[in-house]
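These numbers come from a predicted model, not from an experiment. Here is how names work: the chains are called A, B, and so on, in the same order as the sequence lines, proteins then strands, and each is numbered from 1.
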Amino acid sequence: MISHSGAFADSGNEVGRPTQVAANENSGESLAGLESWQKKSISDQLTRLHHGSSPASTKVEEVDAKPRLSPFANEPQIAPLLKLPPRREGTSRRSTPHLHPLQEWEGYVLSVGPDSFTARLLDLTAGSAYEEEEAEIPIQEISERDRPRIQSGAIFRWVIGYERSTSGVRKRVSVIVFRDLPAITERDLQEGRAWADETRQLLGL
Amino acid sequence: MIAATPPSADELEVTLLGPGYGESIVLHLGGGTWAVVDSCVNSNGAPRPLDYLTSIGTDPSVAVKLIMVTHWHDDHIRGMGRVVETCKTAQFCCASALLKSEFLTIVNSLEGREQPGISHGAREIHRVLSCLRERSSTPVFAAADRRIFTGRTSEIWSLSPSDAAFTKFLTDIGQLVPNMGKARERVSPLAPNDAAVACWVSVNGTAILLGSDLERKGWIEILQSTVRPSGKAAVFKIPHHGSANAHEPKVWQKMLEADATAALTPWRRGGHSLPRVADVERILSLTRNAFATASAQPPKNQVRRRTHAVQRTLREGGMTIRQAPISTGMVRLRRKPNPNATWQVELAGSASHLAEVVDQVA
């Protein structure tokens with residue numbers, strides 16, 4: 001039975017594991033009585049199932065020429081309903097924007113003012129060994145989520161480059177992200193203590 | 001143009017280099033024996049004390065007999081790891097607090113795993129310690145009123161840190177202990193700098209006072225000592241870039257000759273710089289013979305050129321980038337051991353008389 005309350009009535013439905021069957025508009029009797037928008041919605045959801053993705057997914061799908069079959073493909077009463085259009089060979093689509101960097105720095109905050117902060121920068125693009133530059137950066141350039149992290153000593157990554165969206169539009173961007181460096185672990189401290197003891201021993205202390 | 005020749009065997013030399021990240025002092029103690037105090041790098045990342053010694057035809061690997069570290073933070077001793085690696089016959093000296101277990105634990109926890117990119121503030125001292133470990137080389141510890149080096153005609157004494165400053169330093173480094181589970185950050189140098197090592201250098205009866213970054217409280221403790229070397233110094237490396245925080249008038253009265261030759265390295269970070277106009281005027285009221293290795297103001301037009309797209313993005317975002325304060329300035333002082341000899345002052349690169357810095361700062 002097709003549910004009329006929506007494409008899939010089972011709210012606990014997991015992607016790729018339909019518990020209800022649906023049909024495309026070519027299935028005949030099974031779709032009788034559905035409005036056209038309901039048929040389209042079902043078809044869309046089936047397509048997503050077929051590709052193994054959900055509306056929130058950002059996974060990039062690779063397309064191959066052979067259509068993948070649902071686990072129910074061999075069920076006699078279900079198989080005729082699952083006539084989906086074949087995948088087009090060679091089509092792939094990025095599901096996330098792509099950033100081409102022109103300039104990258106790693107930096108740390110020196111001081112924070114009311115409207116801007118000062119930072120020392122290590123030029124990663126030039127392969128610098130030492131921080132040879134200082135920057136004055138308006139706080140408004142930092143995302144609101146990261147602003148509480150603007151403190152003396154905080155380390156960040158700064159990239160200027162071209163971003164290409166999923167639709168192919170290119171724009172110039174400047175992205176500053178405060179890094180979540182690996183946290184200090186008990187192991188780090190134990191190793192530190194062991195190194196300290198060994199150092200003192202080697203130095204005759 | 002400074003002569004690229006070494007001093008004569010009996011000639012005393014004090015050369016102040018910087019600013020880079022920090023400063024460095026190179027001393028000729030007589031007979032081809034040299035000492036290096038702290039380190040900074042040039043724009044190529046090479047340690048300036050090594051560059052200088054090589055430029056005057058001196059081989060640092062055999063000539064340098066003492067290396068002193070007066071600070072531990074990266075911003076003050078950049079390149080020191082390479083200095084220690086190169087100067088294989090030198091005795092290493094630092095404050096004993098830097099070799100306490102607590103401090104070593106912190107250093108290795110932060111920098112123990114070699115990672116590219118920005119250091120966490122202790123990378124250079126980690127390099128130094130790693131080099132000493134490889135050699136199993138026992139350091140000499142600097143503390144108040146301790147003779148740390150004896151040469152044929154020279155002596156070097158550390159005047160600080162005092163016992164109280166040492167104890168405070170151990171307490172303060174507790175702040176640096178990274179909390180477990182907390183993301184790593186870059187540690188900042190402890191301030192005020194009461195644990196910096198000030199030194200008294202004596203060569204053939206001529207004394208030089210090296211002030212490091214020691215602040216006023218540390219100087220008051222030094223003046224109270226009854227066992228420090230007596231006499232007055234002819235040369236003063238002014239502490240902490242000439243700041244008022246590090247000025248103690250009694251140092252000029254009791255420890256320095258009248259009109260002593262003085263030198264400092266400026267400092268700047270963001271929009272702040274030292275010495276300020278008031279600092280310059282104060283120093284010039286105490287001696288006419290005062291010099292600086294560079295201007296306190298940022299050099300003009302020293303920004304790395306980048307693509308038009310990058311420049312435009314910076315402009316549109318209201319972001320400015322300038323060269324960090326790395327200069328080629330040098331103040332070199334040489335004097336023969338004659339009692340009536342005067343100091344030969346040579347200035348190179350951006351170095352100038354301190355009076356010229358007033359015009360630049362104002």
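Looking at B:R312, the atoms closer than 4.5 Å to chain A (heavy atoms on both sides) sit in the backbone and in the side chain alike. Heavy atoms of B:S101 lying under 4.5 Å from chain A belong to its backbone as well as its side chain. Contacts between A:E141 and chain B at a heavy-atom distance below 4.5 Å involve the side chain alone, from C-beta outward. Only the side chain of A:Y162 comes within contact range of chain B, with at least one heavy atom under 4.5 Å from a heavy atom of that chain. Residue contact with chain B, scored on non-hydrogen atoms closer than 4.5 Å, is absent for A:T125. Only the side chain of B:F141 comes within less than 4.5 Å of a heavy atom in chain A; its backbone stays farther off. Heavy atoms closer than 4.5 Å to chain A are found nowhere in B:E134, neither backbone nor side chain.
Note: A:D123 leads A:V173, A:D123, A:V109 in heavy-atom pairs under 4.5 Å with chain B. Note: A:T199 leads A:L124, A:L102, A:I137, A:T199 in heavy-atom pairs under 4.5 Å with chain B.
We find that B:E316 and A:R172 are joined by a salt bridge, their nearest charged nitrogen and carboxylate oxygen being less than 4.0 Å apart. Using a 4.0 Å cut-off between charged side-chain N and carboxylate O, A:E136 and B:R322 make a salt bridge. Salt-bridge annotation for A:E186 and A:R193: present, with a side-chain N of the basic residue lying under 4.0 Å from a carboxylate O of the acidic one. For the pair B:R127 and B:E124, the salt-bridge criterion is met [side-chain N within less than 4.0 Å of a carboxylate O]. Taking 4.0 Å as the cut-off between side-chain N and carboxylate O, A:E198 and B:R133 count as a salt-bridged pair.
When all heavy atoms of A:F178 and A:F117 are compared, the closest pair comes out as CZ-CZ, 4.4 Å.
Ring geometry, B:W72 versus B:F103: the interplanar angle exceeds 60°, so the pair is classed perpendicular (tilted spans 30 to 60°).
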